[in-house]
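Step one of this worksheet: look at the structure below.
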Amino acid sequence: MTIANRRSTNTPVDALFLERWSPRAFDGSKLDEDDLLTMFDAARWAPSAFNGQPWRFVYAHRHSESWPRLLKLLMPFNALWAQRASVLVFVLSDTLVRLPHASEWSVSHSHSFDAGAAWAFLALQATRLGYHVHGIGGVDYERARIELSVPDRFRIETAIAIGRIADKSILPPELQGREVPNGRRELAEIIMENKFTTNPL
């Protein structure tokens with residue numbers, strides 16, 4: 001299967017998975033609140049250990065009072081292009097979970113894994129609605145915890161930028177050449193039957 005962005009695969013995977021990619025060129029247009037809530041609702045239906053649903057989302061629209069404050073939590077390189085996104089979201093996860101029939105909270109082994117599933121659901125729903133989402137690891141996490149009033153038990157996982165794609169010409173020249181969907185490792189490099197056999201280097 002090959003789609004318009006030149007990604008291809010040899011299995012009958014749904015085209016939605018190939019259509020989703022992470023551009024940096026956004027057009028700065030307003031993101032409809034109903035569309036944003038639909039994305040968050042898709043995230044809400046992600047699977048999680050013991051149905052703990054550890055994910056939380058803190059967001060701001062581009063033209064809101066909070067936008068400059070959230071944008072400044074990104075590293076300068078990321079803020080440079082993310083400033084034209086429509087919405088910035090910080091993804092958090094609860095590091096504690098209440099196990100079935102337990103009266104006390106326990107440390108969750110899978111909170112980040114589960115939050116990652118929620119972020120993936122959000123990104124796929126955004127793609128279905130005609131938007132794009134770009135995950136951002138370059139965050140000042142210590143400052144973000146303070147600015148967003150995040151309790152100690154929550155981990156700040158990442159930030160994400162959401163918006164409609166724009167022409168790559170709006171980006172600095174050094175980023176324009178990178179504004180294409182990335183490929184992926186071959187299946188043979190990532191799947192192993194019975195035991196781990198791949199050289200991690």
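In this text the structure is predicted, and so the values were computed from the model without any measurement.
- To the nearest 0.5 Å, the span separating CG on Leu129 from CG on Asp32 amounts to 9.5 Å.
- If you take CG on Asn78 and CG on Asp140, they are separated by 12.0 Å, rounding to the nearest 0.5 Å.
- Using a 4.5 Å cut-off on side-chain heavy atoms (C-beta onward), Met192 and Asn194 make no contact.
- Through direct or indirect side-chain contacts shorter than 4.5 Å among Ile, Leu, Val, Met, Phe, Trp and Tyr, Leu99 is connected to Phe50, Val97.
- Using a 4.5 Å heavy-atom threshold, the side chains of Thr127 and Phe17 count as separate.
- Side-chain polar atoms of Ser93 and Glu157 form a donor-acceptor pair below 3.5 angstrom.
- Among pairs with a residue in residues 61-76, those fulfilling salt bridge (charged side-chain N to carboxylate O under 4.0 Å, His left out) read Arg69-Glu147, at least two apart in sequence or across chains.
- In this structure, the side chains of Val58 and Leu92 come closer than 4.5 Å at one or more pairs of heavy atoms.
- Side-chain contact between Leu31 and Ile162 is present, with heavy atoms from C-beta onward closer than 4.5 Å.
- In this structure, the ring of Tyr59 has its center no less than 6.0 angstrom from the ring center of Phe90.
- A heavy-atom distance below 4.5 Å is found between the side chains of Ile160 and Leu122.
- Ring centroid separation for the pair His134 and Trp21 does not come in under the 6.0 Å cut-off.
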| task | I would like to know whether Tyr141 and Val150 meet side-chain contact (heavy atoms from CB on, under 4.5 Å); could you show each step before the answer? | result | CA-CA 10 Å; Tyr141 291 97; Val150 178; over 6 Å; no

| request: Show your working on salt bridge (Lys or Arg N to Asp or Glu O under 4.0 Å) between Asp94 and Arg153 and close with a plain yes or no. | output: CA-CA 6 Å; Asp94 191 346; Arg153 68 181 267 180; 2.7 Å; yes

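- Within the 3.5 Å criterion, the main-chain N or O of Phe26 finds a donor-acceptor partner in the side chain of Arg84.
- Here the closest non-hydrogen pair linking Gly137 and Thr158 is N-OG1, 3.9 Å.
- Judged by distance alone, with hydrogens and angles left aside, the side-chain atoms of Ser64 form no donor-acceptor pair with the main-chain N or O of Ala60 at under 3.5 Å.
- Side-chain contact between Arg164 and His132 is absent, with no heavy-atom pair separated by less than 4.5 Å.
- Taking a 4.5 Å side-chain heavy-atom cut-off between Ile, Leu, Val, Met, Phe, Trp and Tyr, the cluster of Phe113 contains only that residue.
- Remark: the Arg24 side chain and the Ser22 side chain contain no N/O donor-acceptor pair separated by less than 3.5 Å.
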